[in-house]
Amino acid sequence: MLPPLPASPGRRSCRPARRARAGAAGLAAVGLAALTLAGCAKFNEALSQRWVDVSFRAGTTVAQVKQVRAACAHVPNVTVQKIRQNQPAIDITAGLRFNTTNASDANVAQLQMCVSKFPAAVGFDPQDASDSGG
């Protein structure tokens, strides 16, 4: 077998460049995998969202809606959607949304019992992000 030819002084070996490219490609793959997993976690978090929409009879006043909101905001693991400062009255009386993502079935039942005490509230509709109901 013949010995390898010596490298000419003006010519460099390609091995370090190949290693650097392979390392960069591996690093990019790891970064992409991390971003993908983070995206999946956010997607799963979004799909696990649950809420209850409470609707009111026609002619319900803003004061009545706020009364229901205040009375039922104490239910554990349930948060009521905020009313924006300049929100039109028609939007307020259209209904309330309670976030029940962290609530147990017992918490949701407690919320339903609270809402049912008010004659102006005519609908209690549990929902989740899968669009199949609560």
Side-chain angles (χ1 to χ4, degrees):
M1 184 178 258
L2 294 172
L5 293 173
S8 64
R11 188 172 179 197
R12 288 200 220 140
S13 170
C14 293
R15 288 185 188 162
R18 283 186 200 154
R19 285 187 193 139
R21 276 185 259 149
L27 189 59
V30 168
L32 182 61
L35 285 174
T36 301
L37 290 176
C40 288
K42 291 287 187 189
F43 187 71
N44 286 341
E45 182 181 317
L47 283 178
S48 68
Q49 297 294 307
R50 295 180 356 183
W51 61 91
V52 170
D53 287 326
V54 176
S55 54
F56 296 91
R57 66 176 161 70
T60 300
T61 65
V62 171
Q64 289 172 309
V65 172
K66 287 183 175 182
Q67 183 183 18
V68 173
R69 184 181 188 280
C72 299
H74 72 280
V75 176
N77 303 313
V78 173
T79 55
V80 65
Q81 186 177 23
K82 293 181 180 179
I83 296 176
R84 295 185 318 272
Q85 189 169 354
N86 295 321
Q87 189 169 348
I90 194 165
D91 290 348
I92 296 171
T93 59
L96 286 176
R97 178 167 282 185
F98 291 88
N99 183 332
T100 57
T101 300
N102 298 318
S104 67
D105 290 343
N107 296 141
V108 174
Q110 188 178 358
L111 176 64
Q112 187 172 16
M113 287 177 57
C114 179
V115 169
S116 69
K117 294 176 184 176
F118 296 90
V122 293
F124 189 89
D125 191 19
Q127 296 288 316
D128 61 33
S130 69
D131 204 23
S132 63

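In this chain, residues are counted from 1 in sequence order. Just so it is clear, the model here is predicted, and its values are computed rather than measured.
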Problem set entry | Cluster check L111, W51: I/L/V/M/F/W/Y, side chain < 4.5 angstrom | no

Problem set entry | Sequence neighbours excluded, every pair satisfying disulfide bond (SG atoms under 2.5 Å apart) that has a member inside residues 48-102 | C72-C114

For this session: Just grab all the side chain to side chain donor-acceptor pair (under 3.5 Å) pairs involving residues 61-72, residues at least two apart or on different chains.
Result: T61-Q64

Exercise. From T101 OG1 over to R50 CZ, what is the distance, rounded to the nearest 0.5 angstrom?
Worked result: 7.0 Å

Can you list, pair by pair, the side-chain donor-acceptor contacts under 3.5 Å of residues 73-95, counting residues two or more places apart and other chains?
residue: H74; atom: ND1; partner: A71; partner atom: O; Å: 2.7
residue: N77; atom: ND2; partner: N107; partner atom: OD1; Å: 3.0
residue: Q87; atom: OE1; partner: R84; partner atom: N; Å: 3.0
residue: T93; atom: OG1; partner: A89; partner atom: O; Å: 3.2
residue: T93; atom: OG1; partner: I90; partner atom: O; Å: 3.3

Problem set entry | Flag side-chain contact, heavy atom, 4.5 Å: V122 against F56 | no

Problem set entry | Verdict with supporting geometry, L96 and V65, side chain to side chain contact (heavy atoms under 4.5 Å, CB included) | CA-CA 8 Å; L96 286 176; V65 172; 3.8 Å; yes

For this session: Report the C-alpha separation of D53 and Q127 in whole Å, then their side-chain angles, then the decisive distance to 0.1 Å, and conclude whether the side chain to side chain contact (heavy atoms under 4.5 Å, CB included) test is met.
Result: CA-CA 8 Å; D53 287 326; Q127 296 288 316; 4.2 Å; yes

Seminar exercise, completed: Given the options V108, D128, D105, T100 meets side-chain contact (heavy atoms from CB on, under 4.5 Å) only with V108

